[in-house]
Amino acid sequence: VQEYVKLLKFAGQAKNLAEGKRIHREIETSSFSSDKFLSDHLIDMYGKCGSVHEARAAFEQSKQRNWNSWNVIISAFAQNRHFHDAMFAFERMPKRDAISWTTMLKAYAKAGELKEAVNLFDNMLKRDDVAWNNMLAAYAQEGNLCKALLTFDLMPQWTVVSWNTLISGYLEHGCADEATKLFDQMPEETVVSKTVKFRASAQAGNIHAARSIFESMTERDVVAWNAMISTYGENGSSDEAKKLFDRARERNVISWTSLVTAFTLGGQIDRATGAFKRMPGHDSASWNFLITAYAQTGQDTESKRLFDELPMKD
RNA sequence: CGGAUGCCGCGU
């Protein structure tokens, strides 16, 4: 069972619908076909792969539907911007826990329905850290930094995530000075904080400062590596991007797409194509990127040819 | 009890 859970999660992260379906079929012929954990993971996998219809089907057909399944299906609806379905399910579900409320809160924020989000938040009986952070993030993304700061001050607990959320909000809306002050005040920094920090330096045009923050990091995850690679790419330094890419010990689709981007922006479309071909797996974003790149450099025929080669058009 | 779904940073 746990093996299948891992496989489904992996397919979901990679948004690999074909692989997900394959595992689904394999599960159905196995002895775990009606496992109560697996059925929820199936719904989640379809949601993450962008297939709302199959997520819904998995939910409705599940013999093992429980109150967790409702949370999973709401999350699937929300991730795919089916907000009315999410709302409908939320109202119909037999039992709502902290996660149900917060998932719905995030859905409203994502839909741009800030008032509904606030309303939901106010009606919550118990607000945990994640609920507070979601409310904070909703204000921060909206650009309502006053409300964001107010929410931050009212929070019963400050975690690294709340600090990161607030700082990202300030950075996103051009308040770099405030962000710097907050960085100095926060008690601890994680990989995420450091990544936010060096991205901010880079966006301010100080790529050397960004690099030294990156090099000073004791732990770097794949996102940190990718962020540094795309920073050099945006800067036109495709050679430096390539060097970092080679140094990275963990790579995913985004790392490869960032490298392709770096070559494209550096005007080396042939090297970009080469990297694209060497990629172990392509998702729709990487295809879109290269097609757009060709179109923008005026190579419409190449762009069209790639489009025709697309295995999945969404 | 355990499993599972919700918050912050990377390419489109």
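Convention: sequence-line order gives letters A, B, ...; per-chain numbering from 1. Treat the numbers as computed from the prediction; the structure is a model and nothing was measured.
- Residue A:K194 has no polar side-chain atom (N or O) positioned under 4.0 Å from OP1 or OP2 of B:rC10.
- Proximity note for A:K48 (side chain, C-beta onward) versus B:rU5, B:rC10, B:rG11: the nearest is B:rU5.
- Counting only heavy atoms from C-beta on, A:I254 has its side chain closest to B:rC10 among B:rC7, B:rG2, B:rC10.
- Nearest to the side chain of A:S168, among B:rG6, B:rC8, B:rG11, sits B:rC8.
- Looking at A:T102, its side chain comes within 3.5 Å of the base of B:rG6 through a donor and an acceptor atom.
- Between the P atom of B:rG11 and the CD atom of A:E234 lies a distance of 7 Å, rounded to the nearest Å.
- Here the straight-line distance linking atom CG of A:L120 with atom CD of A:E113 works out to 12.0 Å at 0.5 Å rounding.
- Ion pair A:R271/A:D239 flagged as a salt bridge, since at least one NZ, NE, NH1 or NH2 atom sits closer than 4.0 Å to an Asp/Glu carboxylate oxygen.
- Checking A:W70, A:F88, A:W67 one by one against A:M93, the side-chain contact (heavy atoms from CB on, under 4.5 Å) holds for a single residue, A:W70.
- Following rounding to the nearest Å, A:N252 (CG) and B:rC10 (C1') show an atom-to-atom distance of 8 Å.
- For residues 57-75 of chain A, proximity to RNA chain B is found at A:N68, A:N71, A:V72, A:S75, defined as any non-hydrogen atom under 4.0 angstrom from a strand atom.
- Under the 4.0 Å criterion applied to side-chain N and carboxylate O atoms, A:D85 and A:R56 are assigned as salt-bridge partners.
- Regarding A:F245, its CZ atom lies at a distance of 16 Å from the P atom of B:rG11, rounded to whole Å.
- For A:N164 and B:rC8, a side-chain-to-base donor-acceptor distance below 3.5 Å is present, hydrogens and geometry of angles not being considered.
- Both the sub-6.0 Å distance and the 45° axial angle are satisfied by A:K197 relative to the ring of A:F183.
- Of the side-chain N and O atoms in A:K9, one or more sit less than 4.0 angstrom from OP1 or OP2 of B:rU5.
- Judged by atom type and distance alone, A:N288 does not reach the base of B:rG11 through any side-chain donor-acceptor pair under 3.5 Å.
- The aromatic rings of A:F77 and A:H82 lie parallel to each other, with less than 30° between the two planes, well short of the 60° mark.
- With hydrophobic clusters built from ILVMFWY side chains whose heavy atoms lie under 4.5 angstrom apart, A:F59 does not share a cluster with A:F83.
- Between the side chain of A:S258 and the base of B:rG11, no donor-acceptor pair under 3.5 Å is found.
- In this structure, A:V196 reaches the sugar-phosphate backbone alone: every heavy-atom distance under 4.0 Å involves primed, P, OP1 or OP2 atoms, never a base.
- When heavy atoms are screened at a 4.0 angstrom cut-off, A:A224 is found touching base atoms of the nucleic acid.
- Within 4.0 Å of A:D128, counting heavy atoms only, lies at least one base atom of the nucleic acid.
- Atom CD1 in A:I99 sits about 10 Å away from atom P in B:rC7, given to the nearest Å.
- Between A:D221 atom CG and B:rC10 atom C1' there is a gap of 9 Å when expressed in whole angstrom units.
- Here A:V191 lies in heavy-atom contact (under 4.0 Å) with a base.
- Straight-line distance from the CH2 atom of A:W132 to the C1' atom of B:rC7: 14 Å, rounded to whole Å.
- Rounded to a whole Å, the CZ atom of A:F183 is 10 Å from the C1' atom of B:rG9.
- Looking at the side chain of A:A285, the nearest of the listed nucleotides B:rG9, B:rU12, B:rC7 is B:rU12.
- Residue A:T195 is classed as a base contact, given a heavy-atom separation below 4.0 Å to a base.
- Salt bridge annotation for A:E240-A:K243: present, with a cationic side-chain nitrogen under 4.0 angstrom from a carboxylate oxygen.
- Within 4.0 Å (heavy atoms only), A:T231 reaches no atom of the nucleic acid at all.
- Contact annotation: side chain of A:D283 to base of B:rG11, donor-acceptor pair present below 3.5 Å.
- Using a 4.0 Å cut-off between charged side-chain N and carboxylate O, A:E178 and A:K181 make a salt bridge.
- One interatomic measurement links the two molecules: CE of A:M45 to P of B:rU5, which rounds to 14 Å at whole-angstrom precision.
- For the pair A:K106 and B:rC8, the criterion of a side-chain N or O lying under 4.0 Å from OP1 or OP2 is met.
- Considering only side-chain atoms of A:V161, the nucleotide from B:rG3, B:rC10, B:rC8 that sits closest is B:rC8.
- In terms of position on RNA chain B, the residue among A:K15 and A:D40 whose nearest nucleotide sits closer to the 5' end is A:D40.
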